[in-house]
Amino acid sequence: MGNCCVKSEKLTAEIVPRDGARVYPTVRLHGSPKSILAAYIRFALLHRAVSLDFVETERVGGGEPEGAVTLQVGSEVVSGSRETLLRFIDSRFPGPSVRGGNGREVETAPLLASLTRVQHTSMLWHVERMVRWAEDLTTRGGRKTVDPSMGTPRMEIRKFARSYSELLEIMMEHAQMEETVLFPIFDHADRGLAKAAKEEHARDLPLMNGIKEVIKSVGVLDSGSPDHQEALYSLFTRLKSLLGQCKQHFEEEEVELLPLMEALELSKEQEVSALEQCFDVMQGTHGRLLKLLLEGLPSCDAMKYLDLISKCRDKEKMESMLKMIVK
């Protein structure tokens, strides 16, 4: 998704320190947690091998309506517009340009189509991650992982259950957003236009809930027993099925439904109002789970999503979402 991305670009959740041959100094980002600019710059820096220290400041005006932001790298101090700060990051820390995700696509594509596509990208990445994790669990057959942070097999299953529960909440809120905001817009223009998409939501729900029950079973069975191994394999195969259904469902929406958004000829007022309704419906996703959503995105899509958040006219609501990212 998004022409600004390149295949080699790291996702937020996959960022690792670069080769020890070069060590970057600590970067201090001074700004308000309520500032869209501070959130932008934070995500740009997360996609560089730096040690980031966010220094919270009061939102002061100056000439910057988004709140003044300053970068400090050793004795170097840079402040100014978004473009100035991103240009500095590109020149100071080599890597894929962070200036691709500056909102150009958001400005030209219908807002709801952009929102839906970016959410699809993140959810697919997270489902794929759960499939790989379940496959690893199955291969190990209940044996302890080599990663000490996972703890014992039972502790790892609890972490797995929590990760899936959070992903499930995002997916359920996404489906609710489509059914209460997006699909009615299409059906109002052409009755029955979103019928197939709604039917797929109903098809996926039993599988999603069934996976949650299998995880519970894995958690109570004796690790390494035949029943435990069978439950792990069932978990893996069900997650693979969910991944296949999600890919098919998302592709159908993006190929058959979302391109029709332009034909609806919504006014800017209607678009922004509908976008705000999406944020209202997906309260969990845009609150405590916002970081998780953004983890599954390349930097340009993560920054594009911040562009969408910045269009929220309720500044208090917008700032509360941003605070979940930068705090």
Side-chain angles (χ1 to χ4, degrees), residues 1-7 9 36 40 43 82-83 97 99-125 170-171 173-204 245-282 285-286 290 293-294 296-314 317-318 321:
M1 296 293 145
N3 295 329
C4 60
C5 299
V6 292
K7 289 185 179 178
E9 186 178 8
I36 185 73
Y40 255 93
F43 268 89
R82 180 194 306 179
E83 183 64 22
S97 175
R99 285 180 286 163
N102 61 2
R104 285 191 295 268
E105 183 177 331
V106 171
E107 291 299 329
T108 57
L111 300 182
L112 296 187
S114 293
L115 180 85
T116 305
R117 286 192 180 104
V118 175
Q119 288 182 3
H120 285 173
T121 299
S122 178
M123 289 185 292
L124 271 183
W125 184 85
I170 291 176
M171 295 178 75
E173 286 196 348
H174 172 82
Q176 186 181 6
M177 176 273 289
E178 289 187 332
E179 290 172 5
T180 59
V181 181
L182 191 65
F183 294 166
I185 293 175
F186 284 113
D187 286 337
H188 179 73
D190 188 343
R191 189 176 176 183
L193 195 57
K195 181 182 177 183
K198 284 185 277 190
E199 289 173 349
E200 289 188 358
H201 282 187
R203 178 201 65 186
D204 294 342
Q245 290 186 14
C246 286
K247 283 182 176 179
Q248 179 187 353
H249 174 57
F250 293 166
E251 183 179 359
E252 287 173 357
E253 284 187 356
E254 293 176 17
V255 171
E256 299 172 12
L257 205 58
L258 295 184
L260 298 176
M261 283 298 304
E262 287 192 38
L264 298 178
E265 298 181 337
L266 299 179
S267 67
K268 276 298 176 187
E269 167 67 26
Q270 290 172 317
E271 273 202 288
V272 173
S273 293
L275 182 68
E276 290 173 332
Q277 289 177 49
C278 293
F279 292 140
D280 288 339
V281 171
M282 301 183 69
T285 300
H286 295 99
L290 183 55
L293 178 75
L294 295 172
L297 298 172
S299 59
C300 64
D301 276 348
M303 295 168 79
K304 184 189 301 178
Y305 208 80
L306 296 181
D307 269 316
L308 292 165
I309 290 174
S310 72
K311 294 185 181 298
C312 185
R313 292 168 297 189
D314 184 336
K317 185 183 298 181
M318 180 191 77
M321 287 189 273

Legend entry - Contact check, side chains of E271 and K311, non-hydrogen atoms, under 4.5 Å: no
Inset, instruction - Kindly write out the residues that satisfy side-chain hydrogen bond (donor to acceptor under 3.5 Å, both in side chains) with E265, not counting sequence neighbours, or none if the list is empty. - result: none
Legend entry - Heavy-atom side-chain proximity of E178 to H174 below 4.5 angstrom: yes
Legend entry - Partners passing ring-ring contact (aromatic ring centres under 6.0 Å, His included) against F186 (at least two apart in sequence or in another chain): none
Legend entry - Expected output: side-chain E276 to main-chain R313 donor-acceptor under 3.5 Å: yes
Legend entry - Donor-acceptor side-chain pairing of E269 and S273 below 3.5 angstrom: yes
Legend entry - Side-chain ion pair, K304 and D307, N-O less than 4.0 Å: no
Inset, instruction - Count the heavy atoms of every other residue, nucleotide or ligand shown that sit under 6.0 Å from CD of Q248, and state whether that count exceeds 12. - result: yes
Legend entry - 4.5 Å side-chain heavy-atom contact, D187 and K198: yes
Legend entry - Partner set under side-chain hydrogen bond (donor to acceptor under 3.5 Å, both in side chains) for Q270, not counting sequence neighbours: S267
Legend entry - K317 and D280 ion-paired at < 4.0 Å: yes
Inset, instruction - Kindly indicate whether the side chain of L182, heavy atoms from C-beta on, has any atom under 4.5 Å from the side chain of L115. - result: no
Inset, instruction - Applying ring-ring contact (aromatic ring centres under 6.0 Å, His included), name anything that partners H286, two or more places apart in sequence or on another chain. - result: F279, Y305
Legend entry - Approximate separation, where rounding is to 0.5 Å, of M171 CE and L124 CG: 8.0 Å
Legend entry - Partner residues of D190 under the side-chain contact (heavy atoms from CB on, under 4.5 Å) criterion, sequence neighbours left out: L193
Legend entry - Partners meeting ring-ring contact (aromatic ring centres under 6.0 Å, His included) with H201 (sequence neighbours left out): F183, H249
Legend entry - Donor-acceptor contact present, side-chain T121 to main-chain R117, <3.5 Å: yes
